[in-house]
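Okay, structure first, notes after.
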Amino acid sequence: MAFVVALAQDTSGTLIPAGGGPPMEIESQEVRVRINNGIAVTTITQVFRNNRPQALEAVYAFPVPHEASVSNFSMWISGKEVVGEVLEKKEARRIYESITAQRRDPGLLEQVSYKLFEVRVFPVPANGTQKIQIAYYQPVQYDTGFGQYVYPLEAKTREASRVRGSFKVDVDLISDLPLKSVSSPSHARDLAVKETSPGRWRASMETPRGAIDRDFVLVYEQERETTGLRLVPSRIGGDDGHFLLLLTAGKELEKAAAAVNYTLLLDVSGSMGDQRKLDHALRMIDELVRGMDARDRFNVLTFNIATEALFADGPSLATEENRKKAFDFLRGQRARGGTDLIPALEAAAGQRRDDMANVLVLLSDGNATDTDDHARFRRLLDGKGGSVRVFSIGIGNEVNRPLLTALAQATGGYSDFVSSSDDADRKTRLLKSKILHQVAEKLELKIAGVRTYDVVPERLPNLFRGQQLAVYGRYQGKGPAKLTVSGMIGGVPRSIDADIEFPGEERDNPEVRRMWAWKRSDALMNEIRAEGESASKVRAVTALGTEYSIVTPYTSFLVLENDQQYRQFGIEQRNARQIAEDRAAQDRRAAEPFARTTSSGGGGGGGSVELGFLALVGALAGVRAWRKRAA
């Protein structure tokens, strides 16, 4: 059985014959989402039908969202689920080829690029069906009182945009804070929502012959905005523990008094014409211009293979007349041509003013045709950007996320990724709030009393109004610890202390382990891309992949026919055990009575109290402390 599966961001779960031809029919597609403790677990089960009279080798294409870690791949062989295991890439390939030579039934999933995976299986039975299941973990996006989950479906292809049977999405949500609403800007008419018990919500949609041509977006709004810090620990057996800290900045980041010089840089290349991406970007720019203060200055630049400025003489005051000129200019835009980003950034950097706060808002899918060299972009901004802070807004599912994130981080800015099925007005309001409020800079996190190590990110980025920052790490020992967060707000040093508790056992959050491993391996891969391969870093990434059952450029999922074959090749079924533990914890959370205390946002778990400074909420904290240091 040789079966090719490509997991990519430019398709929506289609099974295509490897030799070409139309996709196979999707018999059914079920999506189960469980949101808790700031992490969403998504499990997609699809059944495909091969109506051809011969067995086929096929390519399975599947979108993987931002910061998602593929944690499981299962196939059904002879009616039984077979869970894949992760091996070093060359070893997995060797075993796969040795078995296919015997015309047996293995499957192989490999990472090709940061957004592309391939799985190989053969055959898809003649006049029969093939059942596939994918699971991935990802952080829930939380911003200023709103939690958001996106299941990406939009794609270039429309050949397999409908399910033959039913398309179902079921979401189970745990929230410690009361919610105002749970809704879907993408599927408002199809979604049923119910609070099943205090703090527990269920959202469900099912459509016969359901269309799968647009993203499923779920948004939940809390009754009050959450700010703070949450500790989400995971520790099983005698091993060192894993933890997730969620830091959220709130109302303490006051509005800045200075006027703003806006440079709005809009990608109008041909790739922005897909899935209403340009329309979505134009709506966001329109709202930004409407909300400007009369003291502000702005310019609008569009680019494909050439850059065009609204005001040839540079930034102009945000008068009613100039705003009308901007609206007329935007209405005339069409998506066409390639994407030359470097000249556009050079032109945008030239719009800066020394007497104002300079903000560059880039709206693009990031698919530049002139370069993939992130270092060149950073050098450009360092050399000509000066004090310009970049806010990168990626539109659609085919976004070059590493590029747009690097552009923002190089200037102390902010990046966000927006589905074209989302509410553009809400996303623009949240973006505008980050531009206009103070930012917490030069953040440092220290933990004393319990040893922590391998913390990612190693260097904390700036924290903006309403933004939630996820910090992952390992810990030894157990018991009370002192947490200190320090930083600069408006040029003034500030810090807080909090008492937190690291448990010796915590089995309800096993997802944290894999998310830490993925973030750690991703950080190492960024170093490899920037500095080149080294034997030690390759070994470290490989070890993370095999120990935590995650796919990396150096590890692959291998699916064998049965347990006997795993034993034959001496493969420990580590992932099968981890998947069983994860599923048991998820079922346990779903069944237990809800009796948690108030805590921060992001969707659940663990009691906490609110603190000062960034109004950080110390999860599992027993005391309140406030200290403000003068410069």
Side-chain angles (χ1 to χ4, degrees), residues 6-14 16 61-66 112-117 150 152-161 186 212-215 217 263-286 300-309 329-348 360-374 376-377 380 390-408 415-422 424 427:
L7 296 142
Q9 288 181 306
D10 58 356
T11 53
S12 54
T14 56
I16 303 171
F62 185 87
V64 179
H66 179 49
V112 177
S113 69
Y114 74 92
K115 66 176 182 178
L116 179 65
F117 298 79
V150 178
L153 284 166
E154 291 182 357
K156 291 179 181 178
T157 178
R158 291 290 179 266
E159 293 176 301
S161 60
S186 62
I212 52 173
D213 59 354
R214 68 186 189 277
D215 295 347
V217 181
T263 302
L264 308 177
L265 184 59
L266 173 63
D267 184 351
V268 293
S269 65
S271 62
M272 288 290 288
D274 296 327
Q275 301 97 43
R276 308 179 303 277
K277 287 189 287 188
L278 181 58
D279 291 343
H280 214 66
L282 288 170
R283 179 64 180 268
M284 294 186 72
I285 290 183
D286 185 87
V300 180
L301 279 68
T302 61
F303 72 98
N304 41 40
I305 60 172
T307 303
E308 181 182 3
F329 178 72
L330 292 169
R331 278 196 292 269
Q333 300 303 316
R334 299 290 182 270
R336 55 185 179 268
T339 315
D340 290 348
L341 185 53
I342 284 183
L345 287 170
E346 289 175 334
L360 194 168
V361 180
L362 170 64
L363 296 103
S364 173
D365 58 13
N367 289 319
T369 55
D370 52 351
T371 182
D372 288 324
D373 186 350
H374 300 171
R376 286 182 61 188
F377 288 98
L380 168 73
V390 175
F391 290 76
S392 296
I393 308 301
I395 309 291
N397 292 333
E398 297 158 26
V399 176
N400 189 332
R401 290 184 170 93
L403 170 61
L404 296 184
T405 300
L407 288 171
S415 60
D416 194 9
F417 302 96
V418 181
S419 167
S420 53
S421 297
D422 203 351
K427 297 296 283 188

TODO: Could I get the full list of side-chain contact (heavy atoms from CB on, under 4.5 Å) partners for R336, not counting sequence neighbours?
DONE: N304, R334
Task: S186: side chain to side chain donor-acceptor pair (under 3.5 Å) partners, not counting sequence neighbours - done: S184
Task: Listed partners of S419 passing side chain to side chain donor-acceptor pair (under 3.5 Å), at least two apart - done: D215
- [ ] Kindly compute the distance separating CG (L404) from CD1 (I393), expressed to the nearest 0.5 Å.
- [x] 9.0 Å
Open item on the list: Going by the rule side chain to side chain donor-acceptor pair (under 3.5 Å), which residues pair with R214 if we only count those two or more places apart in sequence or in a different chain?
Closed with: none
Task: Side-chain heavy-atom pair L341, F303 within 4.5 angstrom cut-off - done: yes
Open item on the list: The criterion is ring-ring contact (aromatic ring centres under 6.0 Å, His included); which residues satisfy it with F417, sequence neighbours excluded?
Closed with: H66
Open item on the list: Test of understanding: with side chain to side chain donor-acceptor pair (under 3.5 Å), list the residues that count as partners of S269, not counting sequence neighbours.
Closed with: D267, S271, T339
Open item on the list: Rounded to the nearest 0.5 Å, what separates atom CZ in F329 from atom CG in L282?
Closed with: 10.0 Å
Task: CD on Q333 to CG on L278, rounded to 0.5 Å - done: 7.5 Å
Task: side-chain contact (heavy atoms from CB on, under 4.5 Å) partners for A281, two or more places apart - done: L266, M272, L363, I395
Task: L407 vs L345 side-chain heavy atoms within contact, under 4.5 Å - done: yes
Task: Gap between atom NE2 of H280 and atom NZ of K277 - 0.5 Å precision - done: 12.0 Å
